[in-house]
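Whatever order the structure lists ligands and atoms in, that order sets their numbers, starting from 1.
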Amino acid sequence: MNELSRTAIVTGASRGIGQAIALRLAKDGFAVAVNYAGNAAQAQETVRAIESQGGRAMAIQADVADEQAVARLFDETQQAFGRIDAVVHSAGVMPLAPIAADDALTTFDKVIATNLRGSFLVMAQAARRLGRGGRLIVLSSSVLAKSFPGYGPYIASKAGVEGLVHVLANELRGRDITVNAVAPGPVATELFLTGKSDELIAQIAKQAPLERIGQPEEIAATVSFLAGPDGAWVNSQVLRANGGFA
Ligand code: NDP
């Protein structure tokens, strides 16, 4: 691999869906900047896994809600790899709180900062730095259609993200850059599994016609399609990869 290899930034790539995306894009031939918030050891694990399959990667810490940190993430990627061809924004959190709960505003502020402000900052940097043929893919969620109690802050953040996708796609008119969201249904990661009983997980799994929860690699495959040559004509879309969980 050389400096002319395609390069991707994947936020939230220390764990879960982001990690699977980083591994998949590395297999697809991208050099990958593996972003994480606090989990340096797991980010290094992702880097090691990519290197062991013959790919190129580096871990870069940055809180996606921090403007300077996001700019540094893009600077360091450009310095290390020379170019940025794809940006996948997977970093996110999902603490739940009913809207009228005493601590709901604290939860709301935290989720909006990480999920919506974080998306805004990553999308802004991507828009400045991607060249012709560039791909920007952000993670939304199929839970938007469900309106489950307790999901207010999270659903508000992801509804905002989907709105930004369509606006940015229009703002990038004429630059040959696609902007899309992937909206998974329930996927087997810490974000989904934490705090749920086996019974509840089984009940949620049954809601999709395919009657199971998704695997991170299945979301990575969807992102790979959008980031690769076959995804070139898909723009300003929300691709709901969810086994029919609608
Ligand atoms: P995980 O909890 O498994 O992983 C979250 C990742 O995001 C970690 O790498 C974490 O880094 C990183 N992260 C969290 N906060 C920040 C921050 N402020 N700055 C930078 N990185 C951060 O989540 P998933 O992989 O399940 O979720 C990935 C995306 O997919 C999210 O946007 C989520 O909303 C979305 N999604 C997930 C679904 C699911 O069922 N799992 C369903 C629908 C959508 P660190 O390890 O350092 O903490």
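The pair Glu190-Arg15 meets the salt-bridge criterion, since a charged nitrogen lies less than 4.0 angstrom from a carboxylate oxygen. With respect to the salt-bridge test (charged N to carboxylate O, under 4.0 angstrom), the residues Glu51 and Arg48 do not qualify. Residues Arg72 and Asp63 are not paired through a salt bridge, judged by the lack of any N-O separation under 4.0 Å between the basic side chain and the carboxylate.
Residue Gly16 approaches ligand 1 through these ligand atoms, each under 4.0 Å from one of its heavy atoms: 3 (O), 25 (O). For ligand 1, the atoms sitting less than 4.0 Å from at least one non-hydrogen atom of Ala13 are 9 (O), numbered in the order shown with element in parentheses. Close contacts between ligand 1 and Gly12 involve ligand atoms 6 (C), 7 (O), 9 (O), 12 (C) [criterion: under 4.0 Å to a heavy atom]. Atom numbering of ligand 1 starts at 1 in the shown order; those under 4.0 Å from a heavy atom of Asp63 are 17 (C), 18 (N), 19 (N). Each of the atoms 20 (C), 21 (N) of ligand 1 lies under 4.0 Å from some heavy atom of Asn35.
Counted within 6.0 Å of CZ on Phe108, heavy atoms from surrounding residues, nucleotides or ligands total 12 or fewer; the atom is thus considered open. Sparse packing is recorded around NZ of Lys27, with 12 or fewer heavy atoms of other residues, nucleotides or ligands lying under 6.0 Å away.
Under the 4.5 Å side-chain heavy-atom criterion for grouping Ile, Leu, Val, Met, Phe, Trp and Tyr, Val238 is not connected to Leu139 through any hydrophobic cluster.
Here's the thing with Ile17: one of its N/O atoms is less than 3.5 angstrom from an N/O atom of ligand 1. For ligand 1, the polar-atom distance check finds an N/O of Val64 within less than 3.5 Å of one of the ligand's N/O atoms. Ligand 1 has a nitrogen or oxygen under 3.5 angstrom from a nitrogen or oxygen of Gly38. Of the polar atoms of Ser90, at least one N or O is found under 3.5 Å from an N or O of ligand 1, judged by distance alone.
When only non-hydrogen protein atoms are considered, atom 48 (O) of ligand 1 lies nearest to Arg15 NH2, 3.0 Å. Scanning the protein for heavy atoms near atom 36 (N) of ligand 1, the closest one is Tyr154 OH, 3.6 Å. Scanning the protein heavy atoms around atom 24 (P) of ligand 1, the nearest turns out to be Thr189 OG1, 3.6 Å. Looking at atom 44 (C) of ligand 1, its nearest protein heavy atom turns out to be Ser140 O, 3.0 Å. For atom 46 (O) of ligand 1, the nearest non-hydrogen atom of the protein is Ser14 OG, 2.6 Å. With hydrogens left out, the protein atom closest to atom 40 (O) of ligand 1 is Val187 N, 2.8 Å, a heavy atom. In terms of protein heavy-atom proximity, atom 14 (C) of ligand 1 is closest to Gly92 O, 3.8 Å. Here the heavy atom of the protein found nearest to atom 16 (C) of ligand 1 is Ala37 CB, 3.6 Å.
Closest heavy-atom approach to atom 13 (N) of ligand 1 within the set Gly118, Ala91, Ala59, Gly185: this belongs to Ala91. Considering only non-hydrogen atoms, atom 32 (O) of ligand 1 lies nearest to Lys158 out of Lys158, Gln42, His89. For atom 15 (N) of ligand 1, the candidate residues are Ile60, Val10, Thr114; the nearest heavy-atom contact is made by Thr114.
A side-chain contact (heavy atoms from CB on, under 4.5 Å) with Met123 is found for one member of Val167, Val165, Val87 and no other, namely Val165. The one candidate from Gln61, Gln44, Gln42, Gln19 that meets the side-chain contact (heavy atoms from CB on, under 4.5 Å) condition with Tyr36 is Gln61.
Contact annotation: for Leu191 versus ligand 1, heavy atoms closer than 4.0 Å belong to both the backbone and the side chain. Only the backbone of Pro186 comes within 4.0 Å of ligand 1, counting heavy atoms alone; no side-chain atom from C-beta on gets that close. Residue contacts with ligand 1 for Ala62 involve N, CA, C or O but no side-chain atom from C-beta outward (heavy atoms, distance under 4.0 Å). Under 4.0 angstrom from ligand 1, there are no non-hydrogen atoms of Pro216.
Considering only heavy atoms from C-beta on, Val34 stays 4.5 Å or farther from Val10 through its side chain.
Within the cation-pi definition used here (under 6.0 Å to the ring centroid, within 45° of the axis), Arg129 does not qualify as a partner of Phe74. Both tests hold for Lys146 against Phe245: distance to the six-membered ring centre under 6.0 Å, angle to the ring axis within 45°.
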>> Quick one, Leu226 with Thr178, criterion side-chain contact (heavy atoms from CB on, under 4.5 Å). Give me CA distance, side-chain angles, the key distance, then yes/no.
In response: CA-CA 9 Å; Leu226 290 172; Thr178 64; over 6 Å; no

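Formation of a donor-acceptor pair under 3.5 Å by the Asn242 side chain with backbone atoms of Ser142 is not found in this model.
Considering all non-hydrogen atoms of both residues, Ala8 and Leu25 come closest at CB-CD1, 3.9 Å.
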